[in-house]
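Just below is one structure, and these are the notes that go with it.
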Amino acid sequence: MDIDQQGDLGEGSSTNRGIVSPGEIITSSKEYMRGHGTYVDEEQVVSSLSGTIERVNKLVSVKALKQRYTPEVGDLVIGRIVEVGSMRWRVDANARQDAVLMLSSVNLPGGVQRRKIESDALKMREFLAEGDLLVAEVQAFFGDGAMSLHTRSLKYGKLRNGQLLSVSPRLIRRLKSHFHHIPPPCGPSGVDIILGLNGLIWVSVGTSVESREGGEGFDAEGVYSNKNDDITPEGRQAISSIASIIKILAMYNIPLSDILISSAYEWLSSQREDDEDGISAEMGKRMVEDLTGVQVTAAA
Amino acid sequence: MASSRLEILNDGGLRHDARRPYELRSLSLELSTHPNADGSSTVSQGLTTVSASVFGPREPKQRAGSVHDKASVVVEVGVAPWAGAREVRRTRGDKRLLEIAAAIRQTFEPVIMTHLYPRSEIAVHIQVISADGGILPTAINATTLALVDAGISLIDYVTSLSLGLHLTQPLLDLSAPEEADLPTLVVAALPSGKVTLAQMETRLHVDRFEEMLTLGVEGCGVLKTEMDRVVKDRTTRVVERMDKVIQGRITGD
């Protein structure tokens with residue numbers, strides 16, 4: 001595959017987008033620089049992955065179809081605590097290595113700017129214990145490439161009242177916001193969705209705007225609570241419908257966005273009977289076709 | 001011995017399953033067959049079916065397994081109870097299985113670009129679903145596909161094939177009865193012709209070895225073409241679909 005003959009990459013239609021597999025020569029290394037997913041062998045830039053060629057000026061990289069999450073500073077991720085250590089938690093965030101959440105980069109109850117003292121270190125397991133889920137932002141990287149997280153915002157922190165989903169990280173693109181709220185009639189108080197860039201998605205019972213951003217009705221004590229609120233059966237059903245929609249879209253490799261998910265919910269409520277729950281395979285397929293205009297034959 | 005009654009090559013120059021000496025068994029390659037793995041594949045060569053799942057690069061399950069500047073490769077091999085593998089016992093920790101696992105690890109360690117994934121672990125789980133000779137080569141082929149599926153950087157495809165020698169006639173891609181009767185060579189090679197594995201358990205005349213090795217590398221090339229076709233097909237299909245959806249959304253359809 002010769003990159004020079006392809007015209008403008010990225011903009012062109014899918015047919016002329018360069019698709020390469022491992023060991024395939026992309027171009028000469030004299031004119032181009034090698035990026036991720038490539039290596040240089042005998043003055044040739046060679047692909048080491050199966051995916052599409054991405055080019056920025058003279059930098060050539062290959063983006064794999066499916067890959068573990070590669071973190072970047074500022075990314076929003078969802079993770080699970082795997083270990084409580086000294087002044088730090090280890091978090092499994094679906095990346096190549098476990099992430100680290102320092103005690104100094106979390107908000108503790110009772111004052112945002114409070115200093116962390118020794119007694120806080122002893123109570124760490126009361127805040128976040130093994131198995132707890134949290135949403136956080138990538139703060140920095142350590143020398144060995146492991147990421148350090150922070151939850152120093154009222155939007156971040158422990159997760160409850162919902163359901164975790166796991167999709168391919170490629171399906172979640174960087175957006176202005178990764179917190180979405182689907183308003184009622186989707187459940188009595190709507191449904192909140194957090195799209196983590198590491199491919200984990202949290203679907204939970206809806207909250208009001210104020211309580212989400214720390215205004216009126218923000219429950220400061222409830223931040224580290226381990227108890228779910230009472231969720232009505234309708235609320236539960238809404239959560240599970242949204243979760244099924246996300247699963248179906250992910251199954252057909254459709255990149256996710258809040259607009260797509262809410263229009264899928266509308267489509268679903270207009271199509272199915274009141275007492276019907278769950279989505280049949282046939283219906284899921286029809287949903288994807290109607291919403292995206294793409295003919296899907298089989299899940300790839 | 002029951003198998004000694006087997007006629008390796010009949011008068012018509014055909015093998016017991018009606019193949020010619022250089023004919024490979026029917027090949028089937030499937031990608032992403034395991035929903036929870038980072039990458040997976042199922043490969044059938046004739047009646048041998050092996051599925052491979054790759055997990056990682058991930059945090060090593062055992063702290064001791066982490067290497068500070070590269071990824072460690074961990075391979076585990078299991079045989080399904082119904083696989084019909086007479087030559088290997090099914091218990092974990094069986095010597096034959098450990099040997100297969102070690103051979104796979106040694107084959108892939110130089111091919112995976114492990115320096116890109118420091119302090120992490122790439123776990124390969126092999127499950128033999130049905131066995132009819134050539135477990136190791138089929139497992140290597142399945143592992144290659146699973147690694148490609150997982151988006152792990154590889155120098156190139158690794159493909160593998162078993163060969164036997166009947167009198168002076170080399171035979172490609174042995175089935176179980178042939179494997180029991182003939183001196184067997186397992187070759188794994190990169191398309192460039194670089195051999196990453198050559199394993200033999202029986203003695204072979206040195207004059208024949210070179211011929212067999214060349215032939216094996218050539219056969220590996222054929223398998224690579226087939227693998228590349230399957231991988232490209234899948235990649236093209238998925239990329240096209242994702243492009244269509246994104247473009248459709250921009251134009252507001």
Side-chain angles (χ1 to χ4, degrees), chain A residues 12-15 17 19-24 36-39 41 46-52 62-68 70 82 90 92 94-99 142-146 166 168 170-171 173 249 251-255 257 259-260 288 291-300, chain B residues 31-32 35-36 38-39 54-60 66 68-69 71 111-113 116-122 144-145 147-158 190-192 224 227-249 251 253:
Chain A
S13 76
S14 49
T15 38
R17 241 176 119 170
I19 288 172
V20 284
S21 39
E24 196 168 323
H36 289 300
T38 62
Y39 66 94
D41 184 40
V46 186
S47 169
S48 68
L49 296 171
S50 162
T52 51
V62 175
K63 195 171 174 212
L65 199 59
K66 189 164 105 179
Q67 204 169 22
R68 278 242 153 179
T70 320
V82 290
R90 293 185 79 82
D92 174 17
N94 205 19
R96 289 170 189 163
Q97 296 173 61
D98 282 350
F142 293 110
D144 63 355
S166 171
S168 166
R170 193 178 161 129
L171 299 179
R173 287 174 300 157
L249 292 173
M251 190 175 84
Y252 288 106
N253 284 306
I254 311 277
S257 74
I259 303 163
L260 187 67
V288 171
L291 286 170
T292 61
V294 177
Q295 284 293 316
V296 287
T297 42
Chain B
L31 283 163
S32 298
N36 295 333
D38 288 295
V54 169
F55 297 86
R58 66 177 181 193
E59 185 79 16
S66 110
H68 76 99
D69 61 344
V111 181
I112 299 171
M113 299 168 93
L116 296 175
Y117 314 110
R119 279 179 194 277
S120 49
E121 166 192 271
I122 295 169
T144 303
L145 279 179
L147 286 167
V148 170
D149 185 42
I152 291 171
S153 281
L154 299 177
I155 291 189
D156 214 324
Y157 288 95
V158 189
L190 297 172
S192 58
K224 187 256 168 185
M227 260 189 209
D228 197 34
R229 193 177 57 76
V230 172
V231 169
K232 274 234 168 94
D233 267 8
R234 207 277 298 258
T235 314
T236 313
R237 208 166 62 234
V238 175
V239 167
E240 266 178 13
R241 177 176 305 167
M242 287 182 64
D243 277 5
K244 255 188 207 160
V245 172
I246 293 167
Q247 275 174 2
R249 228 182 277 159
T251 52
D253 292 339

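Letters go in sequence order (proteins before strands), and every chain restarts at 1. Computed from a predicted structure; not experimentally measured. Only heavy atoms go into these numbers, but all of them, side chains included; no hydrogens, no water, no symmetry mates.
Each of Asp228(B), Val148(B), Leu154(B) was evaluated against Ser50(A); a single residue qualifies, Val148(B), per the side chain to side chain contact (heavy atoms under 4.5 Å, CB included) test.
The structure places NZ of Lys224(B) at 6.0 Å from OG of Ser21(A), a figure rounded to the nearest 0.5 Å. The OG atom of Ser168(A) sits 9.5 Å away from atom CG of Asp38(B), with the distance rounded to the nearest 0.5 Å. Atoms CZ and CG, on Arg58(B) and Asp98(A) in that order, are 11.0 Å from each other to the nearest 0.5 Å. With values rounded to the nearest 0.5 angstrom, Met242(B) atom CE is found 8.0 Å from Arg173(A) atom CZ. For the atom pair CD of Glu240(B) and CD1 of Ile19(A), the computed distance is 7.0 Å after rounding to the nearest 0.5 Å. Note that CG of Asp144(A) and CG of Asp69(B) are 11.5 Å apart. Values are rounded to the nearest 0.5 Å.
Of the atoms belonging to Pro118(B), heavy atoms from both backbone and side chain fall under 4.5 Å from chain A. Proximity to chain A is absent for every atom of Asn36(B), based on heavy atoms less than 4.5 angstrom apart. Proximity to chain B is limited to the backbone of Ala95(A), based on heavy atoms less than 4.5 angstrom apart.
With chain A as the partner, the residue from Pro57(B), Gly39(B), Gly151(B), Ser120(B) showing the most heavy-atom pairs under 4.5 Å is Pro57(B). For chain A, the option among Val231(B), Ile122(B), Ile155(B) with the highest count of heavy-atom pairs below 4.5 Å is Ile155(B). When each of Arg68(A), Lys63(A), Gln97(A) is scored by its heavy-atom pairs under 4.5 Å with chain B, the top score falls to Arg68(A).
Between the side chain of Tyr157(B) and the backbone N or O of Gly23(A) there is no donor-acceptor pair closer than 3.5 Å.
Contacts of Ser153(B) classified as side-chain contact (heavy atoms from CB on, under 4.5 Å), with partners at least two apart in sequence or in another chain: Ser48(A), Leu49(A), Met113(B), Leu116(B), Tyr117(B). With sequence neighbours left out, Ser192(B) forms a side-chain contact (heavy atoms from CB on, under 4.5 Å) with Leu190(B), Lys194(B).
A salt bridge links Glu24(A) with Lys232(B): at least one charged nitrogen is closer than 4.0 Å to a carboxylate oxygen. A salt bridge links Arg90(A) with Glu59(B): the closest approach of a Lys/Arg side-chain nitrogen to an acidic carboxylate oxygen falls below 4.0 angstrom.
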